[in-house]
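Working notes, beginning with the structure itself.
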Amino acid sequence: MEVLYKSTRSEGGEVTASQAVLKGLADDGGLFVPTTIPTLDTPLEELAKMSYQEVAYNVMSKFLTDYTEEELKDCINKAYDSKFDTQEIAPLVKADDKYFLELFHGATIAFKDMALSILPHLLITAARKNNVKNDIVILTATSGDTGKAALAGFADVKGTKIIVFYPKGGVSPVQERQMVTQKGDNTHVIGITGNFDQAQTGVKMLFNDKELAKELDAKGYQFSSANSINIGRLVPQVVYYVYAYSKLVANGEINAGDKVDFVVPTGNFGNILAAYYAKNMGLPIDKLVCASNDNKVLFDFFTTGDYDKNRDFILTTSPSMDILVSSNLERLIYKIAGNDAIKNKELMDELNSNGKYTITDEMKAQLNDFYGNYATEKETADTIKELYDKTGYVIDTHTAVAATVCDKFKKDVNDGNKTVVVSTASPFKFSRSVLDAIDPKYDALDDFAMSDELEKVANVKTPKAIEDIKNAPVLHDLVINPEDMKKAVVDFLSK
């Protein structure tokens, strides 16, 4: 059955999967959503015998129906290869009373690799399928991890250029160094004197600038997105929830059909939305636990039905979650509004003009799949230390937010299900915060000495991604004001 895609903000105008991947954002500023969520029709017992690549094909082929089997398998095999430092791609590790789904074994040691390893291949295949002659310009804003993962994925990919905006001072030193040392003639990294939400808003404005689109088209360019707003990012994320469940079955931890809960550290809402899509496909997920840090706009939303970004922006030790406008939440709002694009657009317009909106009681009643809570900075640090002292297992700050909220969830909702915590980054990416939590004595060390020390503490080899940037030269040092983003893009593409 063919699955088509439409905008969350207007009726009609259906496109194929490859067209949605290619465009990234709909012409009306909405996000592409599937007109129907396909059913996962491969028996769970069969999935339990499969490799990550085989599970990926089983899931993604249901969504990306205009890609041929040969095209899709080629994309999958190019993406999930020796770039990952473990053959399993996404290992499931048991520590204490939780299962940690490690999504950080790719080239940039963060979960964004899981989708951004395949997106360039999906995109180039889509361009060929749709006879696109222009070069694709990937335009993205990052709160830390998307930027480097996208840069690594698209560097020197023929027919593409990539421009990444990040908040200067709003990402970790390792995250920044990973980006500003990025090689590739087609890559451009720009710091902005603002926060992630300003970078993301600026990127959306550039996508919606029709005059700029005409100007670029005349030069042989067109925009696409590597942010999680691109359906080509979201669909590959559905895969690892199905894979994690299949591993629990394969390992004899559960029987096929048993319900499980997933706890997801959440910022832009794409990762947990992928779990929601997996549940809607028929994967036996009970609760989707949305874990926030001190920027708890999502916790407040799930508690009250009010989404309100009008609050202080707090810089935390889990910077990839320092977000007040969760772009992917729009896809959920559209769904609980009864797939009503007009109602959804009203709410998004309210968010744009007033910084807030309130959903109806009928819509709120459809959020029963979710549980929301948050972790303070102290709770996050305490969880890292407690888990390490108890088990020797070391987790990063984002995963610790989720582990903290997991414990709160278990107290509030004692459903007896096995619980999987989604581990979104290697502790080596945030070694200072992690070691400070374990013992403040390490604080005097510089960031790379921290990595060496963490290797001893965690009894895990320092990832290649960290070793590679230790002595790499800075290649991108431009910092601009948010209002100059358009000029920076035009300048880069005029070279």
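In what follows, every heavy atom counts, from backbone to side chain, and hydrogens, waters and symmetry copies are set aside. Quick caveat: nothing in here was measured; it's all calculated off a predicted structure.
- Donor-acceptor pairing under 3.5 Å is recorded for the side chains of Thr316 and Asp322.
- Identified under the salt bridge (charged side-chain N to carboxylate O under 4.0 Å, His left out) test for residues 12-29, with sequence neighbours left out: Lys23-Asp27.
- Proximity of a side-chain donor or acceptor of Glu330 to a complementary backbone N or O of Met348 within less than 3.5 Å is not detected.
- Within the structure, no pair that satisfies the ring pair (Phe, Tyr, Trp, His ring centres under 6.0 Å) test touches residues 128-159, not counting sequence neighbours.
- Contact check on Lys464 versus Glu467 returns no salt bridge, with no Lys/Arg side-chain nitrogen under 4.0 Å from an Asp/Glu carboxylate oxygen.
- In this view, Thr462 and Glu455 satisfy the side-chain hydrogen bond (donor to acceptor under 3.5 Å, both in side chains) rule, not counting sequence neighbours.
- Under 4.0 Å is where a charged nitrogen must lie from a carboxylate oxygen, and between Arg128 and Glu71 no such pair does.
- In this structure, Phe111 has its ring center at least 6.0 angstrom away from the ring center of Tyr240.
- Classified by interplanar angle (parallel below 30°, tilted 30° to 60°, perpendicular above 60°), the ring pair Tyr393/Phe100 is tilted.
- By the 4.0 Å N-to-carboxylate-O rule, Asp74 lies close enough to Lys78 to be salt-bridged with it.
- Scanning for side chain to side chain contact (heavy atoms under 4.5 Å, CB included) contacts around Lys183 gives Leu475, with sequence neighbours left out.
- In terms of modelled atom types and a separation under 3.5 Å, the side chain of Ser224 and the main chain of Leu22 share a donor-acceptor contact.
- Asn352 meets the side chain to side chain contact (heavy atoms under 4.5 Å, CB included) test with no other residue; sequence neighbours excluded.
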Only pairs under 3.5 Å count here: list side-chain donor-acceptor contacts from residues 480-489, not counting sequence neighbours, and write none if there are none.
from   : atom 1 : to     : atom 2 : distance (Å)
Asn481 : OD1    : Thr193 : OG1    : 2.8
Lys486 : NZ     : Asp209 : OD2    : 2.8
Lys487 : NZ     : Asp491 : OD2    : 2.8

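- Evaluation of the side chain to side chain contact (heavy atoms under 4.5 Å, CB included) rule for Asp135 yields Tyr221 as partners, not counting sequence neighbours.
- The side-chain hydrogen bond (donor to acceptor under 3.5 Å, both in side chains) test applied to Asp396 returns His398, Thr399, not counting sequence neighbours.
- Here salt bridge (charged side-chain N to carboxylate O under 4.0 Å, His left out) pairs that include residues 146-173, with residues two or more places apart or in two chains, are Lys168-Glu176.
- Inspection of the Tyr243 and Asn58 side chains reveals no N or O donor paired with an N or O acceptor under 3.5 Å.
- Listed by first then second residue, pairs satisfying salt bridge (charged side-chain N to carboxylate O under 4.0 Å, His left out) with a partner in residues 49-67 read Asp41-Lys62, Glu46-Lys49, not counting sequence neighbours.
- For Lys73 and Tyr57, the positive end sits near the middle of the six-membered ring, less than 6.0 Å away and at most 45° from its axis.
- Partners of Lys210 by salt bridge (Lys or Arg N to Asp or Glu O under 4.0 Å), not counting sequence neighbours: none found.
- In terms of modelled atom types and a separation under 3.5 Å, the side chain of Tyr388 and the main chain of Val457 share a donor-acceptor contact.
- For Arg233, there are no side-chain hydrogen bond (donor to acceptor under 3.5 Å, both in side chains) partners two or more places apart in sequence or in a different chain.
- Side-chain contact, Ser61 with Glu69: no donor N or O sits under 3.5 Å from an acceptor N or O.
- The side-chain hydrogen bond (donor to acceptor under 3.5 Å, both in side chains) with Tyr334 is formed by just one residue from the set Lys6, Arg9, Lys345; it is Lys6.
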